[in-house]
Structure formats: structure tokens, C-alpha cells
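Below, read A as the first sequence line, B as the second, and so on, with proteins coming before strands; counting in each chain starts at 1.
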Amino acid sequence: MASLTIRNIRKNFGAVEVLKGIDLEARTGEFIALVGPSGCGKSTLLAMIAGLETITSGEIYIGDRLVNAVAPKDRDIAMVFQSYALYPTMTVRENMEFGMQSRGVPKDEQKSAIARVAALLQIEALLHRKPGQLSGGQRQRVAMGRALVRDPLLFLFDEPLSNLDAKLRVDMRTEIKKLHHRVGKTTVYVTHDQIEAMTLASRIAVMHQGEVQQFDEPQVIYDSPANMFVAGFMGSPSMNFIPGEIVSDNGRTAVQVKGVDGPTILPLTASHAARLNGSKQVIFGIRPEHVSRSGIGQKADIATIRAPVEVVEPTGAETMAVMRLGDQEITGRFDPDVAPVMGETITLGFDMSHACLFDPASRRLI
Amino acid sequence: MSVSASTSAATYNSSSNGPPLRDRLAKLVPIFVLVPSIAASFLYVFVFTGWTLYISLSNSTLLPTYGFEGLENYASLWANRRWGIAYTNLFVFSAFYVVCAMAIGLMLALLIDQKIRAESFWRTIFLYPLAVSFIVTGTVWSWLYNPTNGFEFLIRNLGWTDFTFALTTDRKYAIYAIVITGIWQSSGFAMALFLAGLRSVDGDIVKAAQIDGASTFRTYRKVILPSITPIFLAVAVVLLQFSIKTFDLAVALTNSGPGISTTFPATYVYDLMFQRGQIGEGAAASMMILSALAVVLIPYSIYLVWHRRREAGHG
Amino acid sequence: MAEAVYTGTIDREATRANTRYIISRVVIYGLLAIFSLVYIIPLFVVVFNSFRTLPEISQNGLIAFPQSFRLDAWPDAWSTFCIGGNCEGMQKYFWNSVKMVIPATIISTLLGAMNGYILSKWKFPGSEIIFTCMLLGVFMPGQIALLPWAFILGKIGLANSVYGLILVHCIQGISFTTLFCRNYYVSIPDDLVKAARIDGAGFWRIFYKIILPLSPPILIVTVIWQFTGIWNEYLYGVVLNSGTNQPITAALVALSTNGTNVRVYDVMSAAVLIGALPPLLVYFFGGKYFVRGLTQGAIK
């Protein structure tokens, strides 16, 4: 059974169409991440699921109930806000009680629900405090606690970690993952951080310009992005895009790109070649981790190309290097032990089995 | 559950199959609550203005009548010598009052901004006249101006026996008695606004100017004051507004006298309407006050909107 | 040697800077003191004169240190002094003002809070235009509304009554109170209201449980503003009401302009202070909020 079904949802603000026909579905217990750059419509979509924003057209079902006309309070949802939206004049306990009081939940039930959730989130010691007396991380926990006491059908998270500092954000990410594992509730999680989406979600919807670009499992999205936007947005540093031309090299299909010593031939794998379907011009995409120093950890399907190294950025665990390829820069991810140095020209190996080919006109994956 | 999935699966449209009645009513609650206030404001702002405008165009005298008379009342108003005195007074008063109250207010604000001790004590002294009505201020100052036992008496007693300070009894200078009292009442207000402005200036700019070697004086002149120009404008507009509405102070201080020398437009309206039974002409005079306010406020609002847009545009 | 000379100049520079600092401080405090005197003297004059005897006032003038002390002026001003032929002192007018100012302040503040809440948190198409129209009321000169009010109050039987003035001040006050509250509520995050809606709270519950508990700062500002404004108002008081139904400001003018008898400055001083005391008390006890109201009312 699906916990959330979204069919052809559209939203107009005046003449501006911010959502252009969204279809999504969350199976019970699933963790769906809506990810995309700011302005892509992900928060609007979440607000529409919550009932805080009207629907221009389309249908939203929570469980098997059409909720288009249902008020937020009757949708059986709970939401965690980016700003946490804790009621500043109430203690933590009162914050958690508020929703249950509004719904007329019996007092002893309220008590036991708060006790259960406070124990789960380890916030028992904070119950008598006001939000102003809490740290950012504690507020975050309380905001989740307020959502959890309600035991709703659907959890909505609106960029809940973006107000935390980097270290805390990673910790809370892990916490949310654990929590979801334990509670097992269907969750829709909006974020602009693709790492959060990758680490947390069972399926990710990548949104851009009011449309879902791709809706699939994280690894599928990472390995076979539907188009260049998804390929570029998911993964950091971004996938390298190199314009190229399809040529035949000794009977083998290959892509020819501009290299430092003129055109360079990169032979394609058979499966890529089979999908080409007569394309002449392509965009060749390769992720930084599939760019290596030729001759190191050699695998099959390696194509080599020479490139001068322009910038080297060590991060400790790995070293990024920016190399020049014609009028294009490409990034590679290296083991610090074998990282190139600035100014040297090295021979790179592209792992062709992980390469992606895009159509330059439609920007779609070939 | 009021809407079943099957009935509306084909084409859902928010109007064809609307929300339950309870929810629809709930949506209207805010509007219902707002309606009395909207009606009251509409009555006050539009109906009353239209009404007074109409009376100003009618031949009303003692009681409102609705015989249309065109601009007759305006013509007779502008032909009246007393109205001439009233608006001349308004110009004189506005010019001195706005400029001096701003100058003194700015000076006090700058003094208080010098990290002085007991800041709130000083502020309390400069601001208390604002809590008091113009009536009280005017009454007390009329005593101080009184030559037989006010300032003049005090100075003469101190030994300067031919000292004269008789503003309120002199037709020519009585207006300045009102100016001085107005400044006394309002410069604290200008101070409060300027001080709020000075305190809102980004501290880093000031530090940067100090590191650049600017003196305190130069820092104020070149860095801080230019960044609060909107405050100058706001203070000027508010004070102008006060001066156009001046009524209580003139009544309590000089009661338009000596003679009619300190008549203001607002006091003249009162006089026409309720002492002389010239309702039509009084309404015309009050429309002139409204126009004067509009002349000040409409450009200012346009400026504000423009300014906000520009700020928003810059980030 | 060189070192000694060096420290010498530093000392001299330091002394010069120090002298300059002291001079500037003297100038600053000197100016502040002079201006304070100008501001405070009128208040002292009235307070002193309310305790001096009349003969002493006429002998030494109004501006003088008291040489005598008596309290009689105060009860006289309160209950026996004649104003416009009515010899009951200020008390009737004082209570008129109290009866007017308390309901008008409470009602207009509550309306403003509701309006501000709706216009910031329950916006609907056209709500911005409605807000702008309400805002116009802030700038309207009272003279425009005099005739219409006189007519309307006459029609509904509230002419020459304190209730009429309450109605007038409530309606005139809506603009200001709505402006204050709306601008304050705009700064409360919308997410709080959204969270409360998801938590199942409706329009009223959100107002009582979320917004009102956050409102004391703005409600204090609004109440102080309305209280001092209505207490100090003169035009409507003198035009719409007459005789013993007038508020205290009108009585003060009547008292100082009935020039037939000799000027009893002691009693008049006490009367003026009775009229000025309530807003002064509000100012001294709510100073911070009073100033906040002033600056907000002006700059918005």
C-alpha cells in the first residue's frame, strides 16, 4: 500500500507555474527525499502535502484518502520545520502537548506519549525548559519529538538540518536515519543537500524547475542519472562533462574529445555503443572518482588521456585535482599517495564502464 | 472522511467538489473578524472625507445643508484676511519648528551617543514633554511668557530692570512664542528618532572609519550621518505633519491672540465651524489642511515605496 | 638619552590626548546639563507653584524657589475650584477622562491585535490593500471628521456623552493599533502558525495560545500609545462634548482662559498637574515602551 500518492500536481502563483505536473508515490515505511536547488518547488510541494498551500490542480492521497480539500490538522501528518517553529512561550513539554491537546487526546495518553518520545530522543532532561534555553541541536531534537508524539501516518521534514553547523548536521543525519529505522514511518524529507538525500533516502526525487527530473533509488540516480542536471547536481565534486564526437576507431565505437595534444580517442564499452542509436555528437560524462592516474589500480575499459594539472586541493582523505582538457576543466579524485602536483602533465585513465553519455540537445542520458 | 477517492478520481477541481462546510466556514473566520474594523476605517477615512468635501461644496452655514454651491466656500476662504494670517503663520511656524526641533534633536542625540553616563536619565528628561499634552504645555508656557510674573519678571528681579520679553502680548512676535514652545515639546522626539537611527548604523562601518584614521567629527559627518538620511526625512515629515495639525498648542498658549495674530488653519476651522456657524467654509478650510498633509505625505510615501523596492532589489 | 626623549614625547602626547578627552567630556556634560535645565524648569515651576502661597507667587514671580509650603491648592483644584461656572474642581473632568480612556484603550488595542494577527498571518487576496486603507487613518487630520462625527453621534444619541468619545477614539485608534500590531506580528515566523495548524489548532486557538503569549511587548507599546494619545486629546473633547461632560484637557483650557477673576496660579498649577499626571506616570513607568511606540509610530 502506498502511504502517499501524488498525481499530476500543479501549482501556479499568479502567472508563474512553480510545479508543472508532479507524480510521486511513497510506499509505507519509505523514506523519500525531495532534493533540488532553491526555487525548484520542493518546499512548495511539501507545503501542499501538508495542506499549507492550496493545490492548483492534481491530486494528493495520504493513505487511500484524497486530501486535496482536507485541512492540515485532519491529514494525519506531522512536520518538522527548518526553523523548528517551536512555540517560544511554551516549555518543551508544552510544545509536545500542544498538538495532542488540540486534538483532545486524554491526559494520561499525552503523558505516556511524551515519556516514550522523550526517552527515544533522550530529551527527558529538557522537558521543563523553554526553546530559548536550548542549543541548536537540542531544538532540532525537540522539533522531531513534537512530530513524533503524534504518531501520524506521514512525517514531513522541511530542510530540518540546514540551521545546524556542519559537524552537528552529520550527527543529526545519522540520528534521523536510526530514528526512521526504529519508528518505520513513511517520511518525506526536503533538502537541498544531495549528501543528506543520498544517505537518508530509500528513494530520491530530484527536482528542478518545477519538475521531477528523476525518481529512483539513490545508487541508481548516482550511477545512471536521467539527464545532465541530475548528473551534475548529485555528487560532489560534480560529474565532469566533456563534449565529444562519436567516431569509429579500428572498428570499435569511440568518443573523440579535445585533449592537450589534439583530439584524443576514448573507446566506448560495448553496452554504451549499443545504446548510441546513431548519435553523432555527445556529452561525455565521468565522475571525479572514475578519473585516475593511468596505470594505478588498472581495470578493464580504461581510456587514457593526457592533461596538465592546474590546481591541487588536498582534503586529507583524498586529493582533488583540477586538470585542463582543451577549453574544459575536469576534476579528479585521487588517493593522496599518488596525487599529482601542480604544473605537471599526467596521463589520466577514465573508467569507461562508469562513464555516461548525454545527448547535447536534449541533455538526456543516452 | 468526506470525500471518497473514487468519486473524485477523474477530475478533481477545488470548486466542483469543495472542502467540507466546516472547513470553508473556518476559512472565512478571519474575514468576519476583520469586517467591523474594515467598515470603521472605511467610514472614517473615505466616507468622512467625502462628506466633509461635500459640505465644503455646499451652502451650509449653521447646519449642514446640501445645496450645491461649487467652489464658493473656497473662494471666500481664500479672500479672507484671517485665512491669510493662518496660512502665513503655518509657514512661519513649520519652517522654524521643523528646522530647529531637528537641529536641537540631532545635537542632543549626538551628545547622548558619546557613551555618556546615566544615559537613560538624560533621555528621560528630554522626552518627558512628549507624554504631556499640548494643552498642559501651552498652559504652563503661557504663564512663563506672561510679562507680569514670568521670565520678564524673573530677569528684571535679577537686576536687569529694563529687560523685556513679552512675546505673547505682541501681535508680531506671538507666533514665535508658539514656535519656541513647539520646539521645546518636540525636539526630544526628534532626538529619540535620531538616536534610534544612530544606534542602527552598522558598528563595523564605524570601526572601519576609525581604522582609516577618521576623527570622531569626520566619522559622524562622512560615515554615520549620511547613512541615516532616511531618518532625517522621516523626522522632517512627522514634524511637518504635527505642524499642519497644530491646534491644541495655539489654543492653550495664545488662544489665537493677541487679536487674531496667531490663528492657525486648524484653529480657524474650529472657529468657522463652531463659533461663527460657517460650516461650509470651515469644511473648505479643513479640506485645505488635508491637502497640505497630502502634499507632504504622498511624495514621501512614493519615496518610501521606491526606497524599499531599491533596497529589496539590492538584496 | 634617546630613550628618555622618546618616552617624553609619548607622555606629552598622552597628556594632550587626556586633556582633550577631559575638555570634550566637560563640554558634553555641560551642554546636556544646560538643555536639561531648559526642559525641566517648566515642570519644576508648576510643581513648586502648586505648593506656594498666592501672595508669595505674586511677590516673587512664578519662577522662583518656594519660600512657603501649603497643600491647600490640591484639594481646591480637585473638588472646589470653579471652572466655567461649575464649582466642583477637576474631579468630574478627571473621571470623564478616565471613563473615556480605559475602555477606548482596551477596545482599540484588542481590535488592533486581532486585525494585526489577521493581516499578517491570515492574509487573503486584497488584505494588503485593506491594510493600506486602514493606514490612511493614521494621517487623517481630526478636523475632517468633526462634522460627520457630530452628526453621527447626534443621530445615535451619543452626543455630549463620554460613550460618544469612546466610540470616536476606538475607531480613530484602529489605524494605529493595527499598524503597530501588524508590523510586530510580521516578525513572528509564519512557521509557528503552520506548525500550529498541523498540530490541529484553529484561528482562535493559535491566537490565544501562540500569538497572544508572544504579544506583551507590542501590547504594552500600543496601550501606552493609546492611553497617552486619548488622555491628551483635546479637539474632539471640546467639540463633541460640552459642560461637565468634557474630558480634562478641555477643562484645563476652560480654566486658564476664564480670565475674569484674578489668576490663582497655585490652584491652576495643581489642576494642570492633575491633568498631566496620568500620562507622566505612564511615561516614567513604561519609558522604554513609550519610546519604542514613538519611534515605531513615526518611522513606519
Any Lys/Arg nitrogen of C:E233 or B:K245 sitting under 4.0 Å from an Asp/Glu carboxylate oxygen of the other?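 Salt bridge: no.
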Is it the side chain or the backbone of [X] that comes within 4.5 Å of chain B heavy atoms, both, or neither?
| X | answer |
| --- | --- |
| C:F124 | side chain |
| C:V38 | both |
| C:I174 | side chain |
| C:I118 | side chain |
| C:M114 | side chain |
| C:I130 | side chain |
| C:V272 | both |
| C:I41 | neither |
| C:N49 | neither |
| C:S127 | neither |
| C:W231 | neither |
| C:F151 | side chain |

Please determine, by modelled atom types, if B:Y145 and B:T181 share a side-chain donor-acceptor pair under 3.5 angstrom.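 Looking only at side-chain atoms, B:T181 and B:Y145 do form a donor-acceptor pair, the distance falling under 3.5 Å.
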Measure from the side-chain N and O atoms of [X] to the backbone N and O of [Y], and report whether any donor-acceptor pair falls under 3.5 Å.
| X | Y | answer |
| --- | --- | --- |
| B:S186 | B:I183 | no |
| B:Q185 | B:P129 | yes |
| C:N115 | C:R182 | no |

Under 6.0 Å between ring centres, would you say that holds for B:F134 and C:Y234?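 Centroid distance B:F134-C:Y234: not below 6.0 Å, so no.
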Qualifying residues under side chain to side chain donor-acceptor pair (under 3.5 Å), relative to C:Y283, sequence neighbours excluded: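 By the side chain to side chain donor-acceptor pair (under 3.5 Å) rule, C:Y283 matches no residue at all.
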Would you indicate whether the side-chain heavy atoms of B:D271 and B:Q278 approach each other to under 4.5 Å?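 When only atoms from C-beta onward are counted, B:D271 and B:Q278 do not touch, as no gap falls below 4.5 Å.
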What residue in C:L43, C:I57, C:V27, C:I152 has the most heavy-atom pairs under 4.5 Å with chain B?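 Answer, by heavy-atom pair count under 4.5 Å with chain B: C:L43.
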